[in-house]
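These notes are about the structure you will find just below.
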Amino acid sequence: MTFRSYMDLALAQARAAADRDEVPVGAVIVGPDGVLAQAGNRTRELNDPTAHAEVLAIRAACAALGQERLTGCDLYVTLEPCPMCAAAISSARLARLYYGASDPKSGGVAQGPRVFSHPQCHHAPQVYDGIAAQQSEDLLRRFFASKR
């Protein structure tokens, strides 16, 4: 089987989030039969601090499958998930996590609390970082530079 990255779709979701004046993070969940869900950050639009791209994509994929677990599914996200999103990824039992830019300030996978390394973590996905990292970093850098 040949690896196919879906980070291009996640980047498109991140760009759409930036167009909505949201922090440009995008996420895509892929199952055995293809794309299940795509989302970008909507915290400001929905007035919801939990409306991160990963959480919205997890909710949509679970609804599409009619179940609370995403066993055998992959998540592509443009930025290292925060601790809240990492916990949701674990709870959803996603098989693999692919992310672009690392997040030294707020990350929860390779930085900070390293959620998947905790003994309390019930499930840890396989993690692959640095996928389209430069494009993800550039998008975030441009967004925050425009705010200064």
Side-chain angles (χ1 to χ4, degrees), residues 3-116 121-144 146-147:
F3 172 74
R4 187 222 190 275
S5 175
Y6 289 83
M7 195 59 83
D8 56 331
L9 297 177
L11 283 163
Q13 289 293 324
R15 285 190 286 277
D19 291 343
R20 293 188 303 273
D21 203 31
E22 299 276 0
V23 174
V25 178
V28 175
I29 295 181
V30 180
D33 297 324
V35 175
L36 289 170
Q38 302 179 52
N41 276 356
R42 291 185 181 275
T43 59
R44 291 183 176 140
E45 176 186 341
L46 299 176
N47 296 313
D48 180 356
T50 69
H52 290 199
E54 301 95 320
V55 171
L56 296 174
I58 288 169
R59 289 175 184 163
C62 287
L65 293 177
Q67 59 192 41
E68 78 279 9
R69 301 253 169 104
L70 298 173
T71 307
C73 296
D74 300 338
L75 171 64
Y76 291 81
V77 62
T78 57
L79 182 64
E80 176 184 353
C82 71
M84 175 186 71
C85 291
I89 290 164
S90 176
S91 293
R93 305 300 198 267
L94 283 153
R96 284 165 293 280
L97 165 63
Y98 300 91
Y99 70 85
S102 64
D103 188 352
K105 180 180 175 190
S106 300
V109 175
Q111 319 285 327
R114 300 179 184 184
V115 171
F116 302 138
C121 181
H122 294 292
H123 168 78
Q126 295 174 23
V127 177
Y128 303 91
D129 62 354
I131 310 295
Q134 191 63 57
Q135 296 98 309
S136 299
E137 291 167 9
D138 290 347
L139 187 57
L140 287 158
R141 215 175 267 115
R142 282 193 307 271
F143 177 80
F144 286 112
S146 75
K147 300 295 177 195

- Item | Where at least one partner belongs to residues 22-46, residue pairs that pass salt bridge (Lys or Arg N to Asp or Glu O under 4.0 Å), sequence neighbours excluded | Arg20-Glu45, Arg42-Glu45
Could you tabulate the donor-acceptor pairs under 3.5 Å formed by side-chain atoms of residues 124-135, not counting sequence neighbours?
unit_1 : atom_1 : unit_2 : atom_2 : d
Gln126 : OE1    : Tyr128 : OH     : 2.7
Gln134 : NE2    : Asp138 : OD1    : 2.9

- Item | Sequence-distant partners of Ala18, side-chain contact (heavy atoms from CB on, under 4.5 Å), two or more places apart | Pro24, Phe143
- Item | Lys105 NZ: over 12 foreign heavy atoms closer than 6.0 Å | no
- Message: Show me the pairs that pass ring pair (Phe, Tyr, Trp, His ring centres under 6.0 Å) and involve residues 13-41, at least two apart or across chains.
- Response: none
- Let me know which of Leu79, Leu11, Val77 forms a side-chain contact (heavy atoms from CB on, under 4.5 Å) with Ser136. Leu11
- Task: Return each pair, listed once, that meets salt bridge (Lys or Arg N to Asp or Glu O under 4.0 Å) where at least one residue sits in residues 6-18; pairs must be two or more places apart or across chains.
- Result: Arg4-Asp8
- Message: Can you list everything that forms a side-chain contact (heavy atoms from CB on, under 4.5 Å) with Ala39? Sequence neighbours excluded, please.
- Response: Leu56, Ala57
- Message: Please find the pair of heavy atoms, one from Cys73 and one from Gly31, that lie closest to each other, and give the distance.
- Response: SG-CA, 3.8 Å
- When you measure from the side chain of Asn41 to the backbone N and O of Val23, does any donor-acceptor pair fall under 3.5 Å? yes
- Item | All pairs passing side chain to side chain donor-acceptor pair (under 3.5 Å) where residues 61-70 contributes a residue, at least two apart | none
- The side-chain contact (heavy atoms from CB on, under 4.5 Å) partners of Ala86 (sequence neighbours excluded) come to Val109, Val115, Phe116
- Message: Please list all pairs meeting ring pair (Phe, Tyr, Trp, His ring centres under 6.0 Å) that have one or both residues in residues 39-68, counting only residues at least two apart or in different chains.
- Response: none
- Pairs satisfying side chain to side chain donor-acceptor pair (under 3.5 Å), at least one member in residues 71-96, at least two apart: Asp74-Arg96
- Message: Just so I know, are the side chains of Pro49 and Thr43 near enough to count as touching, which here means a heavy-atom distance under 4.5 Å?
- Response: no
- Message: List the residues meeting side-chain hydrogen bond (donor to acceptor under 3.5 Å, both in side chains) with Gln111, not counting sequence neighbours, and say none if there are none.
- Response: none
- Note on the structure: The reported gap from CD1 in Ile89 to CG in Leu97 (rounded to nearest 0.5 angstrom) is 5.0 Å
- Which atom of Gly107 lies closest to which atom of Pro113, heavy atoms considered: O-CD, 3.7 Å
- Tell me, which pairs form a side chain to side chain donor-acceptor pair (under 3.5 Å) where one or both residues lie in residues 55-65, sequence neighbours left out? Thr50-Arg59
- Item | Residue pair Ala61 / Ala37: nearest heavy atoms and the distance that separates them | N-CB, 3.7 Å
- Task: Taking all heavy atoms of Glu54 and all of Leu75, pick out the closest pair and write down the distance.
- Result: CG-CD2, 4.2 Å
